[in-house]
Peer 1: 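The structure that follows is given in the form of structure tokens.
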Amino acid sequence: MTDKNWKEVAKAADIQPDEPVKVSVGSEEIALYNVDGDIFATHNICTHAYASMADGFQEGVEIECPLHEGRFNIKTGKALCAPVTEGLQTYEVKVDGGAVFVKI
Ligand code: FES
């Protein structure tokens with residue numbers, strides 16, 4: 001783990017299906033999701049207004065914003081329905097020794 005762009009952010013066992021978790025890397029807020037046993041990461045703040053995606057409602061590969069119910073694809077960040085039009089930034093994730101690393 002010498003690549004300094006990879007940041008350890010969580011334990012994989014703490015990211016449960018349909019229970020997104022917010023982590024911080026410096027000033028960056030990131031949401032982690034478990035989709036069918038694989039971990040994915042997006043920026044935590046909705047692209048529509050200031051809402052925490054980790055407080056939203058995950059259903060499989062989709063996350064619904066808790067504020068106005070905009071939905072995004074967790075794997076691609078793509079905006080799926082109004083009022084969101086701009087996608088969420090996604091991050092590369094790897095799991096090593098039970099720890100989750102996000103590439104920042
Ligand atoms: Fe997320 Fe409005 S803040 S849909």
Peer 1: What pair of heavy atoms forms the shortest contact from Ala12 to Val95, and how long is it?
Peer 2: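 Minimum heavy-atom separation between Ala12 and Val95: CB-CG1, 3.9 Å.
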Peer 1: Measuring from Leu67:CG to Glu69:CD, what's the distance to the nearest 0.5 Å?
Peer 2: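 The CG atom of Leu67 sits 9.5 Å away from the CD atom of Glu69.
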Peer 1: Using every non-hydrogen atom in the two residues, find where Gly56 and Ile63 come nearest and quote the distance to one decimal.
Peer 2: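 Minimum heavy-atom contact is C-CD1, 3.9 Å.
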Peer 1: Does one hydrophobic cluster hold both Tyr91 and Leu32, with members joined at side-chain heavy-atom distances below 4.5 Å?
Peer 2: yes
Peer 1: Treat each ILVMFWY residue as a node, draw an edge where side-chain heavy atoms are under 4.5 Å apart, and state whether Tyr33 and Val25 are in one component.
Peer 2: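 In one cluster with Tyr33: Val25, no.
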Peer 1: Check whether more than 12 heavy atoms from other residues, nucleotides or ligands sit under 6.0 Å from atom CD of Glu59, and answer yes or no.
Peer 2: no
Peer 1: Would you indicate whether the side-chain heavy atoms of His43 and Glu28 approach each other to under 4.5 Å?
Peer 2: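 Result yes, sub-4.5 Å side-chain heavy-atom pair found.
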Peer 1: Are Val84 and Phe40 connected, step by step, through hydrophobic side chains (Ile, Leu, Val, Met, Phe, Trp, Tyr) whose heavy atoms are closer than 4.5 Å?
Peer 2: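 Looking at the clustering, Phe40 is in the same group as Val84.
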Peer 1: For Pro83 and His68, work out which heavy atoms get closest and say how close.
Peer 2: CD-O, 3.5 Å
Peer 1: In the structure I gave you, are the side-chain heavy atoms of Cys46 and Met53 within less than 4.5 Å of one another anywhere?
Peer 2: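 Cys46 reaches Met53 side chain to side chain.
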Peer 1: In terms of hydrophobic clusters joined by side-chain contacts under 4.5 Å, are Phe57 and Val21 together?
Peer 2: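 Each belongs to a different hydrophobic cluster.
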Peer 1: With rounding to the nearest 0.5 angstrom, report the NZ to CG distance, Lys22 to Asp55.
Peer 2: 7.5 Å
Peer 1: Compare all side-chain heavy atoms of Ile104 with those of Ile30 and state whether any distance is below 4.5 angstrom.
Peer 2: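 Counting from C-beta outward, Ile104 and Ile30 do come under 4.5 Å.
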Peer 1: Just how far is it from atom OG1 of Thr47 to atom CD of Glu86, taken to the nearest 0.5 Å?
Peer 2: 5.0 Å
Peer 1: Report yes if the side chains of Val100 and Val93 come closer than 4.5 Å at any heavy-atom pair, otherwise no.
Peer 2: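 A side-chain contact under 4.5 Å exists here.
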Peer 1: Would the distance check show the side chain of Asn34 and the main-chain N or O of Asp18 forming a donor-acceptor pair, the cut-off being under 3.5 Å?
Peer 2: no
Peer 1: Can you name the closest pair of heavy atoms from Val102 and Ala41 and give their distance?
Peer 2: CG2-CB, 4.2 Å
Peer 1: For the CZ atom of Phe72 and the CD atom of Gln58, what is their distance to the nearest 0.5 Å?
Peer 2: 14.0 Å
Peer 1: Can you tell me how far the CD1 atom of Ile74 sits from the CD atom of Glu62, to the nearest 0.5 Å?
Peer 2: 8.0 Å
Peer 1: What are the two closest non-hydrogen atoms of Gly77 and Thr90, and how far apart are they?
Peer 2: N-CG2, 3.5 Å
Peer 1: Look up atom CD1 in Ile45 and atom CD in Glu29, then write down how far apart they are to the nearest 0.5 Å.
Peer 2: 4.0 Å
Peer 1: Between Ser24 (side chain only) and Gly26 (backbone N and O only), is there a donor and an acceptor less than 3.5 Å apart?
Peer 2: no
Peer 1: Following the transitive rule for hydrophobic clusters with a side-chain heavy-atom cut-off under 4.5 Å over Ile, Leu, Val, Met, Phe, Trp and Tyr, establish whether Ile39 and Phe101 coincide in one cluster.
Peer 2: no
